[in-house]
J.: 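One structure follows; several queries about it will come next.
Every chain is numbered from 1, with letters handed out A, B, ... down the list of sequences.
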Amino acid sequence: MTTIKILGSGCAKCRTLHTKVQELVATNGLTATVTKVEDLVEIMKYGILSTPGLVVNEQVKSAGSVPKDDQILAWLREG
Amino acid sequence: MITHATIRLTIITAIMKQLSAANKFSMVVLLLPVWIALYLSLDRLTRVIVYSFLSMPEDEHLTRAVYFFIFEVPKVLLLLTLIVFVVGIIRTYFSPEKTRAALEGKPLFVGNVMASSLGIVTPFCSCSAIPLFLGFVEAGIPLGVTFSFLIAAPMINEVAIVLLFGLFGWETALLYVIMGLIIAVTSGWVIGRLKLERYVEEWVYKIRSQHAPVEEQPLTLTDRIDHGWDAVKDVVGKVWLYIMIGIAVGAGVHGYVPENFMAGIMGKDVWWSVPLSVVIGIPMYSNAAGIIPIVQALLGKGASLGTALAFMMSVIGLSLPEMIILKKVLKIQLIAAFAGIVGIGIMIVGFIFNAVY
(Lines give C-alpha, C1' and ligand atoms only; values in the text may rest on other atoms or scores of the structure.)
Protein backbone atom coordinates (compact mmCIF):
# COMPACT_ATOMS: atom_id res chain seq x y z
CA MET A 1 0.00 0.00 0.00
CA THR A 2 1.50 3.25 -1.12
CA THR A 3 0.61 6.53 0.52
CA ILE A 4 0.84 9.53 -1.73
CA LYS A 5 0.54 13.11 -0.58
CA ILE A 6 0.21 16.18 -2.74
CA LEU A 7 1.41 19.23 -0.82
CA GLY A 8 -0.08 22.56 -1.79
CA SER A 9 -3.02 24.83 -1.24
CA GLY A 10 -4.42 27.07 -3.91
CA CYS A 11 -1.93 26.93 -6.79
CA ALA A 12 -3.00 25.80 -10.25
CA LYS A 13 -0.13 23.30 -10.62
CA CYS A 14 -1.16 21.72 -7.29
CA ARG A 15 -4.58 20.88 -8.69
CA THR A 16 -3.04 19.61 -11.93
CA LEU A 17 -0.69 17.30 -10.05
CA HIS A 18 -3.46 16.05 -7.76
CA THR A 19 -5.73 15.04 -10.67
CA LYS A 20 -2.80 13.59 -12.59
CA VAL A 21 -1.69 11.35 -9.72
CA GLN A 22 -5.26 10.19 -9.11
CA GLU A 23 -5.61 9.30 -12.79
CA LEU A 24 -2.26 7.49 -12.88
CA VAL A 25 -3.21 5.43 -9.82
CA ALA A 26 -6.60 4.54 -11.31
CA THR A 27 -5.48 3.69 -14.86
CA ASN A 28 -2.55 1.56 -13.69
CA GLY A 29 -4.52 -0.28 -11.04
CA LEU A 30 -2.18 0.67 -8.21
CA THR A 31 -3.18 0.30 -4.58
CA ALA A 32 -2.49 3.69 -3.12
CA THR A 33 -4.12 6.41 -1.07
CA VAL A 34 -3.88 9.89 -2.50
CA THR A 35 -4.36 12.81 -0.11
CA LYS A 36 -4.00 16.51 -0.72
CA VAL A 37 -2.33 18.37 2.16
CA GLU A 38 -3.41 21.99 2.31
CA ASP A 39 -2.37 22.95 5.84
CA LEU A 40 0.73 25.17 5.68
CA VAL A 41 2.28 23.89 8.91
CA GLU A 42 1.88 20.31 7.65
CA ILE A 43 3.33 21.22 4.25
CA MET A 44 6.35 22.94 5.79
CA LYS A 45 7.20 19.83 7.80
CA TYR A 46 8.42 18.30 4.56
CA GLY A 47 10.92 21.11 4.06
CA ILE A 48 9.83 22.15 0.56
CA LEU A 49 10.13 25.75 -0.66
CA SER A 50 7.76 25.65 -3.60
CA THR A 51 4.48 23.90 -4.24
CA PRO A 52 3.22 21.47 -5.40
CA GLY A 53 5.19 18.88 -3.48
CA LEU A 54 4.88 15.18 -4.24
CA VAL A 55 5.41 12.82 -1.31
CA VAL A 56 5.47 9.04 -1.76
CA ASN A 57 5.60 6.98 1.43
CA GLU A 58 6.68 10.04 3.43
CA GLN A 59 9.55 10.77 1.03
CA VAL A 60 9.60 14.06 -0.87
CA LYS A 61 10.00 13.27 -4.56
CA SER A 62 9.55 16.64 -6.20
CA ALA A 63 8.74 20.27 -5.39
CA GLY A 64 7.59 23.19 -7.48
CA SER A 65 6.75 21.32 -10.65
CA VAL A 66 4.44 18.78 -12.22
CA PRO A 67 6.76 15.88 -13.11
CA LYS A 68 6.27 13.79 -16.25
CA ASP A 69 3.88 10.84 -16.15
CA ASP A 70 6.50 8.08 -16.46
CA GLN A 71 8.61 9.73 -13.76
CA ILE A 72 5.64 9.78 -11.36
CA LEU A 73 4.78 6.17 -12.24
CA ALA A 74 8.35 5.06 -11.57
CA TRP A 75 8.22 6.69 -8.12
CA LEU A 76 4.86 5.08 -7.37
CA ARG A 77 6.00 1.62 -8.44
CA GLU A 78 9.22 1.66 -6.43
CA GLY A 79 7.39 3.11 -3.41
CA MET B 1 22.29 -15.71 -24.41
CA ILE B 2 20.18 -13.76 -21.99
CA THR B 3 23.03 -11.48 -20.97
CA HIS B 4 23.89 -11.00 -24.61
CA ALA B 5 20.35 -9.89 -25.41
CA THR B 6 20.22 -7.69 -22.35
CA ILE B 7 23.45 -6.00 -23.29
CA ARG B 8 22.24 -5.46 -26.83
CA LEU B 9 18.97 -4.01 -25.52
CA THR B 10 20.85 -1.70 -23.16
CA ILE B 11 23.04 -0.49 -26.01
CA ILE B 12 20.04 0.14 -28.24
CA THR B 13 18.21 2.04 -25.49
CA ALA B 14 21.32 4.09 -24.87
CA ILE B 15 21.66 4.89 -28.58
CA MET B 16 17.98 5.79 -28.80
CA LYS B 17 18.34 8.09 -25.84
CA GLN B 18 21.41 9.72 -27.36
CA LEU B 19 19.61 10.08 -30.67
CA SER B 20 16.57 11.78 -29.21
CA ALA B 21 18.84 14.07 -27.20
CA ALA B 22 20.84 14.90 -30.31
CA ASN B 23 17.59 15.43 -32.23
CA LYS B 24 16.23 17.85 -29.68
CA PHE B 25 19.46 19.76 -29.57
CA SER B 26 19.79 19.93 -33.36
CA MET B 27 16.15 21.01 -33.60
CA VAL B 28 16.94 23.97 -31.37
CA VAL B 29 20.05 24.77 -33.42
CA LEU B 30 18.03 24.56 -36.65
CA LEU B 31 15.17 26.67 -35.34
CA LEU B 32 17.44 29.53 -34.31
CA PRO B 33 18.32 30.69 -37.87
CA VAL B 34 14.61 30.41 -38.77
CA TRP B 35 13.84 32.62 -35.80
CA ILE B 36 16.48 35.18 -36.82
CA ALA B 37 15.34 35.22 -40.46
CA LEU B 38 11.73 35.71 -39.38
CA TYR B 39 12.66 38.44 -36.91
CA LEU B 40 14.77 40.35 -39.45
CA SER B 41 12.13 40.19 -42.18
CA LEU B 42 9.26 41.40 -39.98
CA ASP B 43 9.60 44.96 -41.22
CA ARG B 44 9.47 43.92 -44.89
CA LEU B 45 6.63 41.45 -44.27
CA THR B 46 4.56 44.11 -42.52
CA ARG B 47 5.13 46.53 -45.39
CA VAL B 48 3.99 43.91 -47.90
CA ILE B 49 0.89 43.04 -45.87
CA VAL B 50 -0.16 46.62 -45.08
CA TYR B 51 0.70 48.45 -48.33
CA SER B 52 0.50 45.74 -51.00
CA PHE B 53 -1.87 43.10 -49.69
CA LEU B 54 -4.31 45.33 -47.79
CA SER B 55 -3.36 48.25 -50.09
CA MET B 56 -3.82 50.81 -47.34
CA PRO B 57 -2.90 54.44 -48.01
CA GLU B 58 0.28 55.71 -46.33
CA ASP B 59 0.17 58.26 -43.52
CA GLU B 60 -3.35 57.73 -42.33
CA HIS B 61 -4.49 57.09 -38.76
CA LEU B 62 -5.86 53.63 -39.51
CA THR B 63 -2.80 52.62 -41.54
CA ARG B 64 -0.47 53.67 -38.74
CA ALA B 65 -2.49 51.72 -36.17
CA VAL B 66 -2.72 48.58 -38.33
CA TYR B 67 0.98 48.77 -39.21
CA PHE B 68 1.92 49.06 -35.55
CA PHE B 69 -0.21 46.05 -34.60
CA ILE B 70 0.94 43.78 -37.45
CA PHE B 71 4.57 44.63 -36.79
CA GLU B 72 4.68 44.58 -32.97
CA VAL B 73 2.60 41.48 -32.16
CA PRO B 74 4.81 38.92 -33.96
CA LYS B 75 7.94 40.82 -32.89
CA VAL B 76 7.07 40.70 -29.19
CA LEU B 77 5.85 37.09 -29.37
CA LEU B 78 9.05 36.01 -31.16
CA LEU B 79 11.21 37.77 -28.58
CA LEU B 80 9.13 36.34 -25.78
CA THR B 81 9.43 32.76 -27.07
CA LEU B 82 13.21 32.97 -27.39
CA ILE B 83 13.87 34.70 -24.08
CA VAL B 84 11.43 32.55 -22.08
CA PHE B 85 13.04 29.45 -23.59
CA VAL B 86 16.56 30.60 -22.69
CA VAL B 87 15.52 31.75 -19.21
CA GLY B 88 13.68 28.43 -18.74
CA ILE B 89 16.94 26.60 -19.42
CA ILE B 90 18.97 28.93 -17.17
CA ARG B 91 16.48 28.40 -14.35
CA THR B 92 17.12 24.65 -14.35
CA TYR B 93 20.52 25.49 -12.86
CA PHE B 94 18.86 27.27 -9.95
CA SER B 95 16.26 26.25 -7.39
CA PRO B 96 14.73 27.87 -4.32
CA GLU B 97 16.55 25.25 -2.22
CA LYS B 98 19.97 26.19 -3.64
CA THR B 99 19.20 29.89 -3.29
CA ARG B 100 18.27 29.38 0.35
CA ALA B 101 21.51 27.50 0.98
CA ALA B 102 23.48 30.33 -0.66
CA LEU B 103 21.78 32.96 1.50
CA GLU B 104 22.17 31.20 4.84
CA GLY B 105 24.43 33.07 7.25
CA LYS B 106 24.95 36.08 4.97
CA PRO B 107 25.11 39.50 6.69
CA LEU B 108 22.45 42.11 5.97
CA PHE B 109 23.76 44.14 3.03
CA VAL B 110 25.60 41.34 1.21
CA GLY B 111 22.56 39.14 1.77
CA ASN B 112 20.25 41.78 0.27
CA VAL B 113 22.39 42.11 -2.86
CA MET B 114 22.62 38.33 -3.30
CA ALA B 115 18.93 37.75 -2.60
CA SER B 116 17.90 40.40 -5.14
CA SER B 117 20.18 39.03 -7.85
CA LEU B 118 19.18 35.42 -7.19
CA GLY B 119 15.56 36.57 -7.26
CA ILE B 120 15.94 37.20 -11.00
CA VAL B 121 17.11 33.69 -11.92
CA THR B 122 15.47 31.48 -9.30
CA PRO B 123 12.22 29.87 -10.47
CA PHE B 124 9.49 31.64 -8.53
CA CYS B 125 5.73 31.80 -8.59
CA SER B 126 3.87 34.18 -6.31
CA CYS B 127 1.56 31.24 -5.54
CA SER B 128 4.54 29.67 -3.78
CA ALA B 129 5.49 32.84 -1.87
CA ILE B 130 4.33 31.40 1.47
CA PRO B 131 6.31 28.13 1.54
CA LEU B 132 9.33 30.08 0.32
CA PHE B 133 8.94 32.72 3.01
CA LEU B 134 8.48 30.10 5.72
CA GLY B 135 11.42 28.05 4.48
CA PHE B 136 13.71 31.11 4.42
CA VAL B 137 12.68 32.20 7.91
CA GLU B 138 13.11 28.68 9.26
CA ALA B 139 16.64 28.55 7.87
CA GLY B 140 17.44 31.70 9.84
CA ILE B 141 17.69 34.01 6.83
CA PRO B 142 17.03 37.58 8.06
CA LEU B 143 13.62 39.09 7.29
CA GLY B 144 15.17 41.93 5.26
CA VAL B 145 17.11 39.52 3.04
CA THR B 146 13.98 37.42 2.49
CA PHE B 147 12.13 40.56 1.44
CA SER B 148 14.82 41.51 -1.05
CA PHE B 149 14.17 38.19 -2.74
CA LEU B 150 10.39 38.59 -2.58
CA ILE B 151 10.62 42.06 -4.14
CA ALA B 152 13.11 41.25 -6.92
CA ALA B 153 11.66 37.89 -7.99
CA PRO B 154 8.32 39.12 -9.33
CA MET B 155 9.47 42.64 -10.33
CA ILE B 156 12.40 41.64 -12.55
CA ASN B 157 10.89 38.92 -14.70
CA GLU B 158 11.46 37.84 -18.28
CA VAL B 159 8.06 38.92 -19.61
CA ALA B 160 8.57 42.50 -18.40
CA ILE B 161 12.12 42.58 -19.74
CA VAL B 162 11.03 41.28 -23.17
CA LEU B 163 8.23 43.83 -23.45
CA LEU B 164 10.47 46.69 -22.35
CA PHE B 165 13.22 45.58 -24.72
CA GLY B 166 10.87 45.03 -27.66
CA LEU B 167 8.78 48.17 -27.26
CA PHE B 168 11.07 50.69 -25.52
CA GLY B 169 14.55 49.53 -26.51
CA TRP B 170 17.39 47.96 -24.56
CA GLU B 171 18.27 51.14 -22.63
CA THR B 172 14.89 51.27 -20.89
CA ALA B 173 14.95 47.51 -20.26
CA LEU B 174 18.38 47.81 -18.65
CA LEU B 175 17.31 50.85 -16.61
CA TYR B 176 14.30 48.93 -15.38
CA VAL B 177 16.44 45.98 -14.27
CA ILE B 178 19.02 48.20 -12.52
CA MET B 179 16.36 50.30 -10.79
CA GLY B 180 14.46 47.14 -9.81
CA LEU B 181 17.62 45.70 -8.24
CA ILE B 182 18.37 48.93 -6.36
CA ILE B 183 14.81 49.06 -5.01
CA ALA B 184 14.89 45.39 -3.96
CA VAL B 185 18.25 45.77 -2.20
CA THR B 186 17.46 49.01 -0.37
CA SER B 187 13.86 48.13 0.54
CA GLY B 188 14.97 44.78 1.98
CA TRP B 189 17.84 46.47 3.81
CA VAL B 190 15.49 49.11 5.30
CA ILE B 191 12.99 46.42 6.36
CA GLY B 192 15.88 44.56 7.99
CA ARG B 193 17.11 47.67 9.84
CA LEU B 194 13.64 48.52 11.09
CA LYS B 195 13.56 45.20 12.99
CA LEU B 196 10.01 44.31 12.00
CA GLU B 197 10.30 40.64 13.01
CA ARG B 198 7.58 41.04 15.65
CA TYR B 199 5.06 41.73 12.88
CA VAL B 200 5.50 38.23 11.49
CA GLU B 201 2.80 35.88 12.76
CA GLU B 202 4.07 33.99 15.85
CA TRP B 203 3.38 30.51 14.50
CA VAL B 204 5.86 31.10 11.68
CA TYR B 205 8.77 30.86 14.12
CA LYS B 206 7.49 27.58 15.53
CA ILE B 207 7.73 25.73 12.22
CA ARG B 208 10.32 23.00 12.11
CA SER B 209 10.78 20.84 9.11
CA GLN B 210 11.63 17.28 9.98
CA HIS B 211 12.30 15.83 6.60
CA ALA B 212 15.36 16.02 4.46
CA PRO B 213 14.98 18.45 1.57
CA VAL B 214 14.25 17.16 -1.92
CA GLU B 215 17.05 15.18 -3.47
CA GLU B 216 17.80 16.81 -6.79
CA GLN B 217 17.54 14.76 -9.92
CA PRO B 218 20.57 15.07 -12.17
CA LEU B 219 19.38 16.79 -15.36
CA THR B 220 20.56 16.05 -18.88
CA LEU B 221 20.69 18.66 -21.63
CA THR B 222 17.50 17.15 -23.08
CA ASP B 223 15.76 17.63 -19.72
CA ARG B 224 16.85 21.26 -19.66
CA ILE B 225 15.61 21.82 -23.21
CA ASP B 226 12.31 20.21 -22.18
CA HIS B 227 12.11 22.62 -19.27
CA GLY B 228 12.70 25.51 -21.66
CA TRP B 229 9.82 24.37 -23.88
CA ASP B 230 7.57 23.85 -20.89
CA ALA B 231 8.32 27.41 -19.78
CA VAL B 232 7.44 28.69 -23.28
CA LYS B 233 4.15 26.80 -23.31
CA ASP B 234 3.33 27.92 -19.79
CA VAL B 235 4.32 31.61 -19.99
CA VAL B 236 3.47 32.41 -23.62
CA GLY B 237 0.23 30.48 -23.26
CA LYS B 238 -0.68 32.64 -20.29
CA VAL B 239 0.23 36.11 -21.58
CA TRP B 240 -0.19 36.12 -25.38
CA LEU B 241 -3.78 37.32 -25.23
CA TYR B 242 -2.97 40.16 -22.82
CA ILE B 243 -0.08 41.19 -25.07
CA MET B 244 -2.28 41.19 -28.18
CA ILE B 245 -4.97 43.26 -26.46
CA GLY B 246 -2.34 45.62 -25.02
CA ILE B 247 -0.71 46.14 -28.42
CA ALA B 248 -4.12 46.58 -30.06
CA VAL B 249 -4.98 49.36 -27.61
CA GLY B 250 -1.45 50.75 -28.02
CA ALA B 251 -1.93 50.72 -31.80
CA GLY B 252 -5.15 52.70 -31.40
CA VAL B 253 -3.35 55.21 -29.19
CA HIS B 254 -0.53 55.49 -31.74
CA GLY B 255 -2.91 56.11 -34.60
CA TYR B 256 -5.59 58.26 -33.04
CA VAL B 257 -4.59 59.96 -29.78
CA PRO B 258 -3.25 63.46 -30.47
CA GLU B 259 0.34 64.42 -29.58
CA ASN B 260 0.81 65.81 -26.06
CA PHE B 261 -2.56 64.45 -25.03
CA MET B 262 -1.02 62.84 -21.94
CA ALA B 263 1.23 65.75 -20.99
CA GLY B 264 -1.33 67.11 -18.53
CA ILE B 265 -1.76 63.75 -16.69
CA MET B 266 1.50 61.85 -17.08
CA GLY B 267 3.86 64.67 -18.06
CA LYS B 268 7.04 65.45 -16.16
CA ASP B 269 5.78 68.83 -14.94
CA VAL B 270 2.87 67.26 -13.08
CA TRP B 271 4.42 66.27 -9.73
CA TRP B 272 1.48 64.18 -8.51
CA SER B 273 1.57 61.96 -11.58
CA VAL B 274 4.30 59.76 -10.06
CA PRO B 275 2.57 58.91 -6.75
CA LEU B 276 -0.74 58.53 -8.55
CA SER B 277 0.82 56.08 -11.02
CA VAL B 278 2.20 53.99 -8.16
CA VAL B 279 -1.17 53.83 -6.36
CA ILE B 280 -3.09 52.96 -9.54
CA GLY B 281 -0.49 50.33 -10.40
CA ILE B 282 -0.90 48.25 -7.23
CA PRO B 283 -4.17 46.44 -8.06
CA MET B 284 -3.30 45.93 -11.75
CA TYR B 285 -0.94 42.97 -11.51
CA SER B 286 -2.45 40.27 -13.71
CA ASN B 287 -2.56 42.58 -16.69
CA ALA B 288 1.10 43.65 -16.62
CA ALA B 289 1.76 42.12 -20.04
CA GLY B 290 -1.08 44.12 -21.51
CA ILE B 291 -0.27 47.37 -19.73
CA ILE B 292 3.31 47.82 -20.91
CA PRO B 293 2.35 48.24 -24.61
CA ILE B 294 -0.27 50.84 -23.68
CA VAL B 295 2.23 52.77 -21.56
CA GLN B 296 4.69 52.66 -24.45
CA ALA B 297 2.10 54.24 -26.73
CA LEU B 298 1.34 56.93 -24.14
CA LEU B 299 5.03 57.79 -23.95
CA GLY B 300 4.76 59.13 -27.49
CA LYS B 301 1.83 61.29 -26.47
CA GLY B 302 3.49 63.41 -23.82
CA ALA B 303 3.78 60.98 -20.90
CA SER B 304 7.20 61.20 -19.27
CA LEU B 305 9.61 58.28 -18.86
CA GLY B 306 9.89 58.58 -15.06
CA THR B 307 6.12 58.46 -14.58
CA ALA B 308 5.78 55.59 -17.06
CA LEU B 309 8.60 53.65 -15.37
CA ALA B 310 7.10 54.20 -11.91
CA PHE B 311 3.72 53.05 -13.16
CA MET B 312 5.12 49.86 -14.67
CA MET B 313 7.26 49.04 -11.63
CA SER B 314 4.22 49.43 -9.43
CA VAL B 315 2.03 47.30 -11.70
CA ILE B 316 4.58 44.49 -11.84
CA GLY B 317 6.34 44.74 -8.49
CA LEU B 318 3.57 45.62 -6.06
CA SER B 319 0.70 43.26 -6.47
CA LEU B 320 -2.41 43.17 -4.36
CA PRO B 321 -2.91 39.39 -4.79
CA GLU B 322 0.59 38.75 -3.45
CA MET B 323 -0.05 40.98 -0.45
CA ILE B 324 -3.25 39.07 0.29
CA ILE B 325 -1.31 35.80 0.10
CA LEU B 326 1.36 37.18 2.47
CA LYS B 327 -1.35 38.15 4.95
CA LYS B 328 -1.31 34.50 6.09
CA VAL B 329 2.18 34.91 7.53
CA LEU B 330 2.58 38.65 8.07
CA LYS B 331 0.67 41.09 10.21
CA ILE B 332 -0.95 44.01 8.47
CA GLN B 333 1.68 46.45 9.82
CA LEU B 334 4.49 44.60 8.05
CA ILE B 335 2.56 44.36 4.78
CA ALA B 336 1.91 48.10 4.99
CA ALA B 337 5.59 48.76 5.71
CA PHE B 338 6.59 46.56 2.76
CA ALA B 339 4.20 48.25 0.33
CA GLY B 340 5.09 51.70 1.69
CA ILE B 341 8.87 51.24 1.46
CA VAL B 342 8.79 49.70 -2.02
CA GLY B 343 6.24 52.33 -3.15
CA ILE B 344 8.46 55.17 -1.92
CA GLY B 345 11.44 53.56 -3.67
CA ILE B 346 9.51 53.43 -6.95
CA MET B 347 8.40 57.05 -6.54
CA ILE B 348 12.01 58.18 -6.00
CA VAL B 349 12.99 56.40 -9.22
CA GLY B 350 10.12 58.12 -11.02
CA PHE B 351 11.02 61.57 -9.71
CA ILE B 352 14.71 61.15 -10.54
CA PHE B 353 13.94 60.13 -14.11
CA ASN B 354 11.50 62.97 -14.60
CA ALA B 355 14.13 65.41 -13.34
CA VAL B 356 16.99 63.99 -15.43
CA TYR B 357 15.23 63.46 -18.77
Side-chain angles (χ1 to χ4, degrees), chain A residues 2-21 23-24 32-79, chain B residues 88 91-92 94-101 103 122-139 141 146 149-150 153 201-217 219 222-223 226-227 229-231 233-234 237-238 321 324-326 328-329:
Chain A
T2 322
T3 52
I4 306 161
K5 287 179 183 168
I6 315 293
L7 314 177
S9 32
C11 72
K13 279 183 185 172
C14 306
R15 281 191 295 272
T16 315
L17 184 62
H18 188 205
T19 358
K20 190 178 233 186
V21 170
E23 279 169 13
L24 284 174
T33 53
V34 185
T35 36
K36 191 154 180 279
V37 182
E38 302 202 345
D39 180 56
L40 277 169
V41 180
E42 272 308 299
I43 291 175
M44 290 317 291
K45 281 185 184 161
Y46 291 91
I48 61 165
L49 290 180
S50 47
T51 51
L54 177 62
V55 178
V56 180
N57 287 337
E58 292 307 299
Q59 266 205 320
V60 179
K61 292 298 184 187
S62 76
S65 66
V66 180
K68 289 188 185 133
D69 286 15
D70 25 339
Q71 178 66 75
I72 299 178
L73 262 184
W75 283 327
L76 298 189
R77 291 217 160 104
E78 79 191 33
Chain B
R91 289 217 166 122
T92 60
F94 296 85
S95 70
E97 287 79 12
K98 281 186 206 164
T99 294
R100 176 171 69 173
L103 292 176
T122 309
F124 175 78
C125 159
S126 57
C127 56
S128 269
I130 297 295
L132 187 121
F133 179 84
L134 295 173
F136 274 35
V137 170
E138 204 229 336
I141 293 168
T146 306
F149 182 91
L150 284 175
E201 296 288 352
E202 284 82 15
W203 63 269
V204 169
Y205 292 107
K206 291 184 190 121
I207 282 181
R208 292 289 169 266
S209 59
Q210 293 140 358
H211 294 249
V214 200
E215 45 191 290
E216 291 206 22
Q217 305 277 326
L219 290 175
T222 324
D223 291 333
D226 281 343
H227 274 278
W229 280 126
D230 285 346
K233 276 185 271 175
D234 190 37
K238 220 181 286 172
I324 293 168
I325 290 174
L326 286 173
K328 281 187 197 163
V329 286

J.: Given that the side chain runs from C-beta out, which part of B/K206 has a heavy atom under 4.5 Å from chain A: side chain, backbone, both or neither?
T.: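 For B/K206, there is no contact with chain A at all, as no heavy atom is under 4.5 Å.
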J.: Checking B/D230 against chain A: side chain, backbone, both or neither under 4.5 Å from a heavy atom?
T.: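 Neither part.
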J.: Hey, what do you get for CD1 (B/I130) to CG (A/L49), rounding to the nearest 0.5 Å?
T.: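 Separation between the atoms: 13.0 Å.
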J.: Nearest heavy-atom pair of A/A63 and B/E97: which atoms, and what distance?
T.: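 Closest approach of A/A63 to B/E97, heavy atoms only: CB-OE2, 4.3 Å.
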J.: What heavy-atom pair brings B/P131 and A/M44 nearest, and what distance separates the two atoms?
T.: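 Looking at all heavy atoms of both residues, the shortest contact is O-CE, 3.4 Å.
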J.: Just give me the residue among B/V204, B/L132, B/I325 that pairs up with chain A most often, heavy atom to heavy atom, under 4.5 Å.
T.: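 Most pairs with chain A among the choices: B/L132.
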J.: Atom NZ in A/K13, atom CG in B/D234: separation rounded to 0.5 Å?
T.: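 Answer for the NZ-CG pair, A/K13 versus B/D234, is 5.5 Å.
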J.: Do A/T51 side-chain atoms and B/S128 backbone N/O form a donor-acceptor pair below 3.5 Å?
T.: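 No; zero donor-acceptor contacts below 3.5 Å.
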